[in-house]
Each structure stands twice: as C-alpha cells, then as structure tokens.
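The structure appears right after this line, and notes come after that.
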Amino acid sequence: MTMSSIKIECVLRENCRCGESPVWEEASKSLLFVDIPAKKVCRWDSLSKQVQRVIVDAPVSSVALRQSGDYVATVGTKFCALNWANQSTLVLATVDKDKKNNRFNDGKVDPAGRYFAGTMAEETAPAVLERHQGSLYSLFPNHHVEKYFDQVDISNGLDWSLDHKIFYYIDSLSYSVDAFDYDLQTGKISNRRSVYKLEKEEQIPDGMCIDVAGKLWVACYNGGRVIRLDPETGKRLQTVKLPVDKTTSCCFGGKDYSEMYVTSARDGLDSEDLLRQPEAGGIFKITGLGVKGIPPHPYAG
C-alpha cells in the first residue's frame with residue numbers, strides 16, 4: 001500500500017463542539033458518536049447520509065452498542081441505557097457522587113461485555129481542569145461497578161489486545177499510551193506500564209482503537225492527526241494528518257471495517273482558526289489505510 005492511496009473526506013459537517021466516541025453499528029450501517037457539551041448522541045446513516053440526534057440531560061461522553069438492542073452511554077457521572085425510539089435514558093449506575101464537578105469521559109466495552117469508562121473534572125477551557133480528580137470504572141453486565149484506580153487527569157482512549165490479555169489506556173495529560181495485564185474472566189487489571197510517549201508535535205493523546213494487526217491508532221488532540229503505534233516496540237509506524245487540529249477519537253467501520261472514522265472538535269478554536277479549518281467539528285472518513293479494524297463489542301447487561 002502506498003501512502004498516496006490514503007483518502008480523507010469530511011463525510012458529515014456536524015460542527016460538533018466536542019465530537020467523541022465514534023462507534024460503527026453494522027446492523028444499521030451507521031456511525032454513532034457524541035457531542036459532549038452539546039449533550040447529543042448522534043447516529044449517521046452511511047447509506048442515506050441522514051443524521052438522527054438524541055438530546056440527553058447532561059454532557060454525554062461515550063456511547064456503545066448493547067447486546068439486547070439499543071445502546072448504553074455515559075451521561076454526566078452516570079452509566080445509562082439509551083432507548084433510541086423514545087429518546088429516553090435509564091440510569092444503570094452512578095459514580096463519583098462525592099465529586100460534584102466531575103463527569104465521565106471516554107468509554108468502551110471490553111470483549112466480555114463490560115462497559116469501561118473513566119471520569120475527569122469538568123474543564124474550564126479545553127484541557128484546562130483541576131488535576132487528579134478522575135477515576136477509571138467498569139460497569140459489569142449485572143450493573144455492579146468496579147473502580148480500578150483514581151488520580152486520573154483526563155480519562156481517555158481505551159482498547160484491548162487481540163488476545164484480550166492486555167488493556168490499553170490513555171490518561172491524556174500523562175502524554176502516554178499505557179498498557180495493563182488484563183484478565184478477561186474477572187475484568188482485573190495489573191502491572192501498568194507505558195508503551196508510547198507522545199512527541200511534542202503530536203500534542204495530546206485522545207481516543208484510540210486497535211486494528212487487526214494488533215497496532216493502536218491514537219487521535220491526537222491539537223495535533224490534527226491520527227498515529228499508528230506498535231505497542232510491542234513502542235514505535236510510531238504511521239502518521240495520518242487531517243485538515244482539522246482538534247482530532248478527538250477514531251474507530252474502524254464501513255465495508256469489512258476497512259474505513260476509519262475520526263471525530264473532531266470546535267471548542268477552543270477562535271474565528272481565525274475556524275476560517276482556516278471550516279470542517280472543524282466534522283466527522284472524517286479515511287480510506288486506503290490498507291488495514292482493517294475489529295467490530296465493537298456490545299455491552300452484555
């Protein structure tokens with residue numbers, strides 16, 4: 001595959017304040033994503049190009065498929081079930097009750113159907129916030145919540161190795177992609193280590209996904225790019241630059257999961273920035289990467 005065959009297009013000019021958590025839903029050939037401060041969960045139909053939106057009552061930071069149908073989402077500091085037809089949410093569990101200023105950030109379902117998501121303090125400006133207020137949690141299928149650790153700045157990208165033995169995780173302000181040993185049976189994590197430290201021009205690591213070769217793709221907030229990493233060697237293999245600075249997250253989808261979808265943000269850009277990048281806050285599709293992703297796991301509860 002030559003680099004020149006890569007094509008990047010803005011498939012949806014949604015003007016998200018902070019687009020996040022792209023998830024491909026094969027059944028409807030749609031891309032789900034959220035706009036955190038706009039409190040919106042969106043579903044873009046790749047065939048009709050139409051978008052449906054559900055407004056919830058607090059910042060919504062991630063969305064995931066649910067085995068029984070419909071979706072789950074992290075809304076404020078709550079794990080919620082989301083009924084798309086009647087646009088309603090049902091609270092499954094609440095975290096960080098003692099931290100009034102906190103909200104969830106990125107979340108993803110593990111291969112056993114647990115919904116992992118972490119928290120952070122609400123920002124006063126993009127990436128400006130009270131430090132060490134967040135924690136990482138997971139919602140088990142029986143709605144029990146496990147807390148893994150605290151002292152997190154901005155809980156962000158997460159995914160699991162193809163053999164399910166490693167959990168990859170990003171706390172954005174550590175500028176590092178970390179790995180843990182992972183026990184799929186129990187959902188326990190241990191032995192934290194860094195597998196990649198970001199370069200200065202790569203800026204802030206945000207959302208992340210894995211491909212069929214076991215390599216990680218990380219969206220770089222303020223860096224206007226997604227990077228492909230080898231977690232075993234700690235080397236960056238590829239950089240794909242996008243026409244917007246605030247790239248927030250990425251996932252594979254489309255035909256055979258051969259396309260990459262990237263979300264982006266507008267918050268924190270001034271009018272000059274927006275003139276330079278009119279597609280900021282849009283959803284981008286990257287084709288020709290020559291590698292595929294894996295389908296998202298649905299929440300089992």
Side-chain angles (χ1 to χ4, degrees), residues 6-24 30-46 49 51 53 59-63 73-74 103-108 120 123 125-128 154-159 170 172-173 198 201-209 216-228 238-254 259-289 293 296:
I6 293 176
K7 181 176 162 221
I8 301 166
E9 60 176 314
C10 183
V11 290
L12 179 64
R13 287 183 72 158
E14 182 68 10
N15 289 346
C16 289
R17 290 181 55 192
C18 185
E20 263 287 358
S21 183
V23 180
W24 184 258
S30 297
L31 185 77
L32 290 147
F33 62 93
V34 301
D35 184 349
I36 302 178
K39 306 176 184 175
K40 279 194 303 203
V41 184
C42 305
R43 187 169 71 187
W44 174 74
D45 184 318
S46 68
K49 312 289 189 236
V51 190
R53 302 171 184 87
V60 53
S61 59
S62 73
V63 62
T74 48
R103 67 162 172 83
F104 267 119
N105 200 37
D106 208 352
K108 191 171 279 182
M120 60 183 278
E123 297 162 302
V128 179
I154 301 179
S155 190
N156 233 322
L158 50 180
D159 217 330
I170 291 169
S172 287
L173 299 188
L198 275 84
E201 74 275 5
E202 290 167 347
Q203 298 280 347
I204 303 173
D206 202 330
M208 168 169 64
C209 67
L216 300 174
W217 292 82
V218 178
C220 300
Y221 182 84
N222 285 343
R225 66 192 70 187
V226 290
I227 55 176
R228 187 183 191 219
Q238 196 175 345
T239 299
V240 180
K241 292 198 173 165
L242 284 96
V244 293
D245 290 341
K246 294 185 182 289
T247 37
T248 53
S249 192
C250 51
C251 80
F252 284 93
E259 304 166 346
M260 176 174 278
Y261 288 91
V262 181
T263 50
S264 68
R266 285 172 82 83
D267 273 11
L269 296 173
D270 61 26
S271 50
E272 212 170 296
D273 294 325
L274 291 169
L275 276 176
R276 198 166 44 80
Q277 39 185 307
E279 297 169 330
I283 307 294
F284 294 84
K285 179 170 85 170
I286 306 175
T287 48
L289 287 173

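Residue numbers count from 1 along this sequence.
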Spacing of [X] atom [atom1] and [Y] atom [atom2] [to the nearest 0.5 Å]:
{"X": "Ile283", "Y": "Ser46", "atom1": "CD1", "atom2": "OG", "result": "13.0 Å"}
{"X": "Leu216", "Y": "Asp159", "atom1": "CG", "atom2": "CG", "result": "7.5 Å"}
{"X": "Leu12", "Y": "Asn15", "atom1": "CG", "atom2": "CG", "result": "9.0 Å"}
{"X": "Glu20", "Y": "Ile36", "atom1": "CD", "atom2": "CD1", "result": "5.0 Å"}
{"X": "Asp245", "Y": "Asn222", "atom1": "CG", "atom2": "CG", "result": "7.0 Å"}
{"X": "Lys7", "Y": "Thr287", "atom1": "NZ", "atom2": "OG1", "result": "5.0 Å"}

Without swapping roles, check the side chain of [X] against the backbone of [Y] for a donor-acceptor pair under 3.5 Å.
{"X": "Thr247", "Y": "Arg225", "answer": "yes"}
{"X": "Ser172", "Y": "Ile204", "answer": "no"}
{"X": "Lys40", "Y": "Cys16", "answer": "no"}
{"X": "Ser62", "Y": "Asp106", "answer": "no"}

Closest heavy-atom pair and its distance - [X], [Y]:
{"X": "Gly281", "Y": "Ser264", "answer": "N-OG, 2.9 Å"}
{"X": "Ser61", "Y": "Thr74", "answer": "OG-OG1, 2.7 Å"}
{"X": "Ser155", "Y": "Asn105", "answer": "O-ND2, 2.8 Å"}
{"X": "Ser249", "Y": "Gly207", "answer": "OG-CA, 3.5 Å"}
{"X": "Ile6", "Y": "Gly288", "answer": "CG1-O, 3.5 Å"}
{"X": "Ala265", "Y": "Ala280", "answer": "O-CB, 3.9 Å"}

Candidates Thr248, Thr263, Val23, Val63 - the one meeting side chain to side chain contact (heavy atoms under 4.5 Å, CB included) with Phe33:
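Option passing the side chain to side chain contact (heavy atoms under 4.5 Å, CB included) with Phe33: Thr263.
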Can you tell if the side chain of [X] reaches within under 4.5 Å of the side chain of [Y], non-hydrogen atoms only?
{"X": "Arg103", "Y": "Glu123", "answer": "yes"}
{"X": "Phe252", "Y": "Cys209", "answer": "yes"}
{"X": "Glu14", "Y": "Asp35", "answer": "no"}
{"X": "Leu198", "Y": "Cys220", "answer": "yes"}
{"X": "Trp24", "Y": "Pro22", "answer": "no"}
{"X": "Arg13", "Y": "Glu279", "answer": "yes"}
{"X": "Asn156", "Y": "Tyr221", "answer": "no"}
{"X": "Lys39", "Y": "Pro59", "answer": "yes"}

Passes side chain to side chain contact (heavy atoms under 4.5 Å, CB included), Arg53 versus Cys42? Steps please.
CA-CA 4 Å; Arg53 302 171 184 87; Cys42 305; 3.8 Å; yes
What verdict does the side chain to side chain contact (heavy atoms under 4.5 Å, CB included) test give for Leu31 and Val11, after you've listed the backbone C-alpha separation in whole Å, the side-chain angles of each residue and the deciding distance to 0.1 Å?
CA-CA 11 Å; Leu31 185 77; Val11 290; over 6 Å; no
One pair to check against salt bridge (Lys or Arg N to Asp or Glu O under 4.0 Å): Arg17 and Asp267. What are the steps and the verdict?
CA-CA 5 Å; Arg17 290 181 55 192; Asp267 273 11; 3.1 Å; yes
Decide salt bridge (Lys or Arg N to Asp or Glu O under 4.0 Å) for Asp206 and Lys246; before the verdict, give the C-alpha distance in whole Å, the side-chain angles of both, and the deciding distance to 0.1 Å.
CA-CA 10 Å; Asp206 202 330; Lys246 294 185 182 289; over 6 Å; no
